[in-house]
Each structure stands twice: as C-alpha cells, then as structure tokens.
Engineer: 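Structure below; questions to follow.
Both backbone and side-chain heavy atoms feed into the values below; hydrogens, waters and symmetry mates do not. What you see is a predicted model, and the numbers here were worked out from it, not measured in a lab.
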Amino acid sequence: MKLGSWGASFISAMQSLLLIELAETSNKLDSQDIKLIGSVSRRAFLSKGIASAGSLSLMSAVVGSQVLAKAASKGGLDLCALQSKFKGKLLTPEDADFNKVAFGGLWNEIHPKRAPQLIAQVNDENDIAHVIKYARANKLKVSVRGGGHNWCSPSVRNSGILIDLTRMNKVISIDAKTRKAVMQPIISNREVQAALKPYDLAFPTGHCPPVKLSGYLLSGGMCWNQGVWGPAVGSVEAIELVTSDGELIVASADQNQDYFWAARGAGPGLFAVATRYHLKLYPLPKAIATSLYYYPYEDMEAICDWLGPLARQLPTNVELSFGILSAPSKLADKCKSSNGKTCCVSATVFADSEAEAHAALSPLENCPMIDKRLSKSVQQPADFESLFDASGALWPPKLRCDVDALFYNSTLTDIAKAIKDHFLTSPSPKALVFISVFTGENVPVPPPVDTAFSMTGNLYGGPWTMWQKQTDDAQNKEWHEKCVQLLSPHVCGHYVSESNTVEHPDFAKASYKEANWERLAQLRKKYDPEGIFFAYSDGLEDDFGA
Ligand SMILES: Cc1cc2nc3c(=O)[nH]c(=O)nc-3n(C[C@H](O)[C@H](O)[C@H](O)COP(=O)(O)OP(=O)(O)OC[C@H]3O[C@@H](n4cnc5c(N)ncnc54)[C@H](O)[C@@H]3O)c2cc1C
C-alpha cells in the first residue's frame, strides 16, 4: 500500500516540528580543551593542585564523555588470556575509538559521567561466553549494550566490561509456513517489518524505526497493534542466552523456564545476554489506515471527556493516542493563545479490509468538537514504512532527553487536568506528552501471566522531554520532574525501559508487580550469585569511573 497524500502531509507536518529549533547552535567544545583535560584523571587533576576555579568550571563544562572514559582506565587488565580466544574487537580507554563506541552509540545525547574499563565488541555467542568467563576470572562485572536506545543509558556503568552487541545484526531465518522467525538482537523495528513484508507477515515491533529488538523485547514491548497482538513479549517463543557462567542456553516454555520468564520483562536488570529471539509472526494486516485531528489546546478537557469513554467502544485493532505538543508550523498561528501548544487525537487501525478500517475509524468524526478542529486528515492508507516515518519524526535522534512512560488507571480527563497548565510552560518545543488510550471493552488487559513484565493500565505514556542544548539541561530536567510529580497520583506502574531508572532507581521496582520484583531478585541470586551482571541500580553513580 502506498503512502497516501495524508501520509506525506503528516510527515511534513511532523518534520516541520523538528525545524523549529534548527536555528539554535549546539554547544560544542573545542577539541583542544578536551585533549588537555582528558590527559589527566579527575583525581590526579585535583591532587596536582591545579583545580583553580577557572579550570574546574571548564572541567565541569566538559561533560564530554572523552574525559570520562579516559579517567575510567584502571590499567593493569591483562587481556592476553581473552584476546587469544576472542574474535571481535576489544577496546580500552587508550584506544582512539573507545569514546565513540562507549557513548556515540547512545540515543540520548546526555552522555553519562561513567565509563567501562573495557569494551568487547562481540562477533557471536562464543565471544560473549569468553568475555563473561574472563570477567568472572578477573572479578569484573559486565553490562550489555544492545541498540543504546534506552533513554537513560543504563548500558554504561562505572567500570567493568561493556559487551557491545552491535555486530550481532542478522535475520537468521524466516519460516513463512509456520510463521516463525529467528533474529539476532540488533535488528531495528523498521528492518523487522521490511524483512517480513515480502512474506505478508508482521511482528509486534515498537513504534520508532531505529529501536532494536535487543532491549525492546526484554522489557515488555509496547507495540503497534498491541490491542490485538498483545505486548511483544507474548510473541517471543524462545530466547537464546549466554548465562553468568558463560554457558549458551535456550530458554522457552519447555526448558530453562526461569530464564524465559525473567528475560521477558527484566529489561536492564537481566542476568544473562540474549543472543537470538525466536519470534511468532502474524499475517500482515491488509488495510492499515490512520486518522489525525488537531484541536485547540483550550478544548483539551472536553476532547478527553469524549475520547476516554469512546475508546471502550472502538475495536481493539484501533491504536488510539492523545497527544499534547507544540503545534506544527502550519498551525502555529492558530495556537498563539496557548503558547503555540495544541492537542491531537491520532488513531491507526490494523484491519483486513478497507470497509473494516472505515467502520473502525469513523466514530472519530463524531467528536462533539469536530467543528473546532484545527486540521484533520481522515482514514489515510498507511503501511509500516509510513507509520515509522511519522513516529521517527516525532521522536527524532540527536537530542537530549528525559523520559518517563507510565501506566495509569485514572481517566484521560484526569491526566489532561493534571498536566494541562504545566505543559504550557515547557521550555522545549520538542517536548511531548503522549498517551496511548487502550481500546476495547476489556481494558485494562491483563499482562501475560508467565512473564516478568507485569504492568498494565487503561492508559500508557507520559512526558517525552527532548531538547537540544546542554545549557538547557537543568531547566528541562526540572520541568520534566514536575510533569512526573503532577502525574504521579494517577500512576499505577512504570515501564522499565522508558523510565528514568538511573536517576530514580525506585522506578525500576515500580515497573513490576511486587511478586514479580521479588521473583526477579530471587532468580538473580540463584543464577548470578556472584553478581557478574550489574543489577538495576549498580554502577550508576555519576563519577569518572574512579
Ligand atoms: C525513539 C525511541 C522510541 C521507543 N519506542 C518504544 C516503543 O514503541 N515501545 C517500547 O516498548 N519501547 C520503546 N522504546 C524504548 C526501548 O524499547 C527500550 O529502551 C529498549 O531498552 C531499547 O533497546 P536497546 O537494545 O537499544 O537497549 P540498550 O540501551 O542498548 O540497553 C539497555 C539495557 O538493556 C539490557 N539489554 C539490552 N540488550 C540486551 C541483550 N541482548 N541481552 C541482555 N541485556 C540486554 C542491558 O541491561 C542494557 O543496559 C523507545 C526508545 C526510543 C529511544
């Protein structure tokens, strides 16, 4: 199905959002400064008595990872034993590419002030096993980097070995007859759907094009067409893993069940490395279509009063969202009274015929405020490509971010009331509050019973606070924290991979039912008693790795 004219205009509208701040220049540091400061460790820097006020302020300005990575060098690691067996690439802080790999692969441009001692870019499972055995022998911990898309960058810990999976990026097999596929972790959402499309098949991928299966599938997987397909972990039939002993295992409903349970939800707290995912596939919906309506900010509560109850009457193959955001440039003039902010209703149906798609999306035309809409595009044909283009424009790369995506059992109107005034003060035009309004009669849908992932709600989403300049960090982070605080009375759970579990370790616990959180802890003790894998909150203190 071709991207319709609506698709093109939606994308250009979304892209125009991105242009708003293009005039702003980024806060680049002079490379000579980086070199100068990077040549001494923080402690040496201070003990040599050269920490004059000026030097210190220069140093604190250099949050640049280059400095931090160098300071993390512990020296003394004898890599010979590992190098003889290892086929991938090992990088120490002395290597020119170390910083690029440690930090350049992160989605969030706010780079952590921590660094590993060694990065192992693995070629395959055997490399992973060698690294883990080496870590064990040398009393080092390991962290895992999948696609680097977790908003709070938990893959970077203080010290230890970072296992970088970037090279494990192959689709191993697709069996159209049995509707099964096997994929390595570093395959993106867009690549998954593109690989399956020739077979008229699909998988419940996430919404943004570049996010990789790796950490997405370990977290729960908030996916396209979730109302029908369920969270993506429910469509993972087996996972190949390397354990804390360096053993290669397959976890499924029939074998290594504890691992299978944990790996489908533990996210950044998994005590193993996932190397292959065995996926259950679905027929590609034949008629995907999208409607999008922008409304005046002032009508937000009335829209929510109507939309919340309507969601119960819509079929589950309608993915419905309510967004609060800066108006696209073509609507900016109409939104002057609300500081350039607007709200939108978007709905995507995954149907099998145009008639079914039409019937499912038509109720959105009956909004009591329809005459007050700022713009609308109705029932435009779409495909995964165009859906990814649109999402990719709303969540663009190369930004500084703070994100908390939450589950709620309150009404949509309660959420709107909680955030409406505060959103008007957002320091960045790229900030969004996006709420998925789950559809169908049986909301909230219980999460799969046999997975660590255990959260559900009527609504899901929250503030995606994104901005460009380092000098705006404090203001945006403060604004974001206030959003979370205002929403908190309505929150029934966090999502472990879209919550700031680094600055708020309690958000990891809040991502699970109590029994699941306890079981995860027990399994960690049982299967990784020496703590080879960093636990959720280990090694996250901001330091120079010292
Ligand atoms: C633009 C954008 C859009 C997003 N949209 C969605 C969405 O629609 N739905 C959704 O559910 N999520 C979404 N996310 C969140 C994303 O799925 C998670 O943050 C996920 O963790 C990213 O996977 P990753 O491999 O890049 O993780 P990384 O940042 O590489 O890793 C995070 C942690 O996960 C663990 N990990 C990752 N891979 C492995 C592995 N193979 N084995 C063991 N441990 C591993 C490690 O502990 C690591 O510290 C989005 C994120 C972004 C940036």
Side-chain angles (χ1 to χ4, degrees), residues 1-18 189-190 193-194 197 202-209 211 222-229 282-295 303 306-307 310-311 313-325 327-328 330-331 342-367 369-370 373-396 412 432 434-440 460-461 464:
M1 200 180 278
K2 279 204 171 139
L3 171 63
S5 61
W6 167 82
S9 64
F10 176 71
I11 289 160
S12 84
M14 292 298 116
Q15 281 165 343
S16 65
L17 269 178
L18 313 181
N189 290 330
R190 198 191 282 274
Q193 302 297 6
K197 193 177 173 184
F203 180 75
T205 63
H207 298 83
C208 284
V211 179
M222 305 301 291
C223 56
W224 286 116
N225 201 15
Q226 183 159 327
V228 175
W229 290 336
Y282 298 87
L284 179 65
K286 293 187 183 73
I288 304 176
T290 303
S291 291
L292 175 69
Y293 302 80
Y294 281 97
Y295 286 103
I303 301 284
W306 157 77
L307 194 64
L310 176 72
Q313 293 156 32
L314 295 177
T316 52
N317 63 350
V318 173
E319 184 165 336
L320 184 67
S321 303
F322 179 74
I324 309 174
L325 68 176
K330 65 174 182 177
L331 301 180
T342 182
C343 58
C344 71
V345 174
S346 85
T348 302
V349 63
F350 296 85
D352 277 327
S353 69
E354 283 181 20
E356 185 193 352
H358 173 74
L361 294 181
S362 290
L364 296 173
E365 283 290 289
N366 302 332
C367 173
M369 268 68 61
I370 193 77
R373 72 186 182 274
L374 303 174
S375 75
K376 70 170 183 172
S377 64
V378 181
Q379 300 180 24
Q380 296 298 317
D383 58 12
F384 274 110
E385 278 291 297
S386 64
L387 294 179
F388 285 138
D389 288 343
S391 285
L394 269 183
W395 285 275
L412 187 60
L432 316 163
F434 231 75
I435 305 289
S436 293
V437 189
F438 294 121
T439 51
Y460 168 78
W464 274 265

Engineer: Can you give me the closest heavy-atom contact between A360 and L314, atom names plus distance?
Structural biologist: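 Distance-wise, the nearest heavy atoms are O-CD2, 3.7 Å.
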Engineer: Verify, without hydrogens or angle tests, whether N189 (side chain) and P209 (backbone) share a donor-acceptor contact under 3.5 angstrom.
Structural biologist: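 No, the answer is negative, given that no donor and acceptor are paired below the 3.5 Å cut-off.
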Engineer: What is the minimum heavy-atom distance between Q379 and A289, and which atoms define it?
Structural biologist: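 The answer is C-CB, 4.3 Å.
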Engineer: Thinking salt bridges, do K376 and E365 make one under a 4.0 Å N-O criterion?
Structural biologist: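 Yes, charged N to carboxylate O under 4.0 Å.
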Engineer: Supply the atom-to-atom distance I435 CD1 to Y460 OH, rounded to the nearest 0.5 angstrom.
Structural biologist: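 Rounded to the nearest 0.5 Å, the CD1-OH separation comes out at 10.0 Å.
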Engineer: Roughly how far apart are T290 OG1 and L387 CG, rounded to 0.5 Å?
Structural biologist: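 These two atoms lie 5.0 Å from each other.
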Engineer: Just checking W395 against F434, ring centres under 6.0 Å apart?
Structural biologist: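 Between W395 and F434, the centre distance is under 6.0 Å.
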Engineer: Please find the pair of heavy atoms, one from G206 and one from F388, that lie closest to each other, and give the distance.
Structural biologist: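 Scanning both residues completely, I find the closest heavy atoms to be O-CE2, 3.4 Å.
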Engineer: Nearest heavy-atom pair of P396 and A393: which atoms, and what distance?
Structural biologist: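 For P396 and A393, the tightest heavy-atom pair comes out as CD-O, 3.7 Å.
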Engineer: Cut-off 3.5 Å, side chains only: do T205 and Q193 have a donor facing an acceptor?
Structural biologist: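 Indeed, the side chains of T205 and Q193 share at least one donor-acceptor pair under 3.5 Å.
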Engineer: State, yes or no, whether a side-chain contact exists between S321 and V437 at a heavy-atom distance under 4.5 Å.
Structural biologist: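 No, every pair of side-chain atoms sits at 4.5 Å or beyond.
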Engineer: Quick one: pull up CG in L364 and CG in L320 and give me the separation to the nearest 0.5 Å.
Structural biologist: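 The CG atom of L320 is 6.5 Å from CG of L364, to the nearest 0.5 Å.
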Engineer: Passes side chain to side chain contact (heavy atoms under 4.5 Å, CB included), K197 versus F384? Steps please.
Structural biologist: CA-CA 9 Å; K197 193 177 173 184; F384 274 110; over 6 Å; no
Engineer: Let me see the working for V349 and I288 under side chain to side chain contact (heavy atoms under 4.5 Å, CB included), right down to the final yes or no.
Structural biologist: CA-CA 6 Å; V349 63; I288 304 176; over 6 Å; no
Engineer: Looking only at non-hydrogen atoms, find the nearest pair between L284 and A202 and report the distance.
Structural biologist: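 Heavy atoms only, the tightest pair is CD1-CB, 3.9 Å.
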Engineer: Give me the ring orientation class for Y293 and Y295: parallel if the planes are under 30° apart, tilted from 30 to 60°, perpendicular past 60°.
Structural biologist: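 If you compare the ring of Y293 with that of Y295, the planes turn out parallel.
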Engineer: Would you say the side chain of W224 lies within less than 4.5 Å of the side chain of P204, judging by non-hydrogen atoms?
Structural biologist: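 Answer no - side chains too far apart.
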Engineer: With sequence neighbours left out, write down each residue that passes side-chain hydrogen bond (donor to acceptor under 3.5 Å, both in side chains) with N317, or none if nothing qualifies.
Structural biologist: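 So N317 forms a side-chain hydrogen bond (donor to acceptor under 3.5 Å, both in side chains) with E356.
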Engineer: Out of curiosity, L394 CG to S346 OG, how far, rounded to the nearest 0.5 Å?
Structural biologist: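 It is 8.5 Å, given to the nearest 0.5 Å.
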Engineer: Write down the atom of L331, the atom of S375, and the distance for their closest heavy-atom approach.
Structural biologist: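 For L331 and S375, the tightest heavy-atom pair comes out as CD1-OG, 3.8 Å.
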Engineer: Going by an N to O cut-off under 4.0 Å, is there a salt bridge joining R190 and D389?
Structural biologist: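 D389 and R190: salt-bridged.
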Engineer: Using 0.5 Å steps for rounding, measure from the CZ atom of R373 to the OH atom of Y294.
Structural biologist: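 One finds 15.0 Å between CZ of R373 and OH of Y294.
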Engineer: Is the backbone N or O of A382 less than 3.5 Å from a side-chain atom of S386, with the two atoms forming a donor-acceptor pair by type?
Structural biologist: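 Flag not set: sc S386 to bb A382 has no pair under 3.5 Å.
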Engineer: Decide yes or no for V318 and T348: does some side-chain heavy atom of the first lie under 4.5 Å from some side-chain heavy atom of the second?
Structural biologist: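 No, side chains not in contact.
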Engineer: Start with the C-alpha distance between V345 and L307, add both sets of side-chain angles, then the distance that settles side chain to side chain contact (heavy atoms under 4.5 Å, CB included), and finish with yes or no.
Structural biologist: CA-CA 9 Å; V345 174; L307 194 64; 3.9 Å; yes
Engineer: Kindly indicate whether the side chain of V378, heavy atoms from C-beta on, has any atom under 4.5 Å from the side chain of S291.
Structural biologist: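 Yes, at least one pair of side-chain atoms sits under 4.5 Å.
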Engineer: Between OG1 of T316 and CG of N225, what distance do you get to the nearest 0.5 Å?
Structural biologist: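 T316 OG1 to N225 CG: 7.5 Å, rounded to 0.5 Å.
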Engineer: Report yes or no: do H207 and Q226 form a side-chain donor-acceptor pair below 3.5 Å?
Structural biologist: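 On atom types as modelled, these side chains do not qualify, holding no pair under 3.5 Å.
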Engineer: Would you call V228 and F350 a side-chain contact if the rule is heavy atoms closer than 4.5 Å?
Structural biologist: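 Of all side-chain heavy-atom pairs linking F350 with V228, none is under 4.5 Å.
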